[in-house]
Q: 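To start, I am sharing the structure in question, which I have written as structure tokens.
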Amino acid sequence: DVAATSQAALDTITQRKLTEAQQVGASYRISHPWLPFGLNSVIEATFPRRGETVRGSVRSQTIPLGQPGALVSTTFSVTEG
């Protein structure tokens, strides 16, 4: 919820929030068995060795066809804010 005193103030707040949401904080590339998600899906990945869990949106996927059991490679970006 946002309170604004004018349309101009609301436009400024909206533009700032949009810009903040589009700032990429980090990119990750993971290999995994096929999972039912695609481009722009929001995913969560846990890296136990680092004690880190991150959420981000899928930017690209490489799915090896004709190779039973091959791992999918997914790149996703974590946004700041």
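The residues of the chain are indexed from 1 along the displayed sequence.
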Q: Indicate whether the side chain of D11 and that of Q7 have a donor and an acceptor atom separated by less than 3.5 Å.
A: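 Their side chains do contain a donor-acceptor pair, which is all the 3.5 Å distance test asks for.
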Q: Do V54 and F47 come close enough that some side-chain heavy atom pair is under 4.5 Å?
A: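 A side-chain contact exists here, since the closest heavy-atom pair is under 4.5 Å.
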Q: Are S73 and S31 linked by a side-chain donor-acceptor pair shorter than 3.5 Å?
A: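 Distance-only check fails for S73 and S31.
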Q: Do the side chains of R59 and L39 get nearer than 4.5 Å, heavy atoms only?
A: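 No, every pair of side-chain atoms sits at 4.5 Å or beyond.
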Q: Of T74, V72, L71, which is the lone residue that meets side chain to side chain contact (heavy atoms under 4.5 Å, CB included) with I63?
A: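 Of the listed residues T74, V72, L71, the side chain to side chain contact (heavy atoms under 4.5 Å, CB included) partner of I63 is V72.
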Q: Backbone N or O of A8 within a donor-acceptor pair of the T12 side chain at under 3.5 Å?
A: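 Side chain of T12 to backbone of A8, a donor-acceptor pair under 3.5 Å: yes, one is there.
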Q: Please check if F37 and W34 belong to a single hydrophobic cluster, counting links between Ile, Leu, Val, Met, Phe, Trp and Tyr side chain heavy atoms closer than 4.5 Å.
A: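 Per the 4.5 Å side-chain linkage, F37 and W34 are not co-clustered.
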Q: Looking only at the side chains, is there a donor atom on one of R29 and S27 sitting less than 3.5 Å from an acceptor on the other?
A: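 No, no side-chain donor-acceptor contact under 3.5 Å.
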Q: State, to 0.1 Å, how close T62 and P64 come at their nearest heavy-atom pair, and which atoms those are.
A: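 That would be O-CD, 3.6 Å.
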Q: What pairs meet the ring pair (Phe, Tyr, Trp, His ring centres under 6.0 Å) rule with one or both residues in residues 59-78, with sequence neighbours excluded?
A: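 Sorted result for residues 59-78: Y28-F76.
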Q: Quick one: which of R49, R55, R50 gives a salt bridge (charged side-chain N to carboxylate O under 4.0 Å, His left out) with E52?
A: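 Between E52 and the candidates, salt bridge (charged side-chain N to carboxylate O under 4.0 Å, His left out) is satisfied uniquely by R50.
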Q: Enter the distance from Q61:CD to T75:OG1 here, rounded to the nearest 0.5 Å.
A: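 Result: 9.0 Å between the selected atoms.
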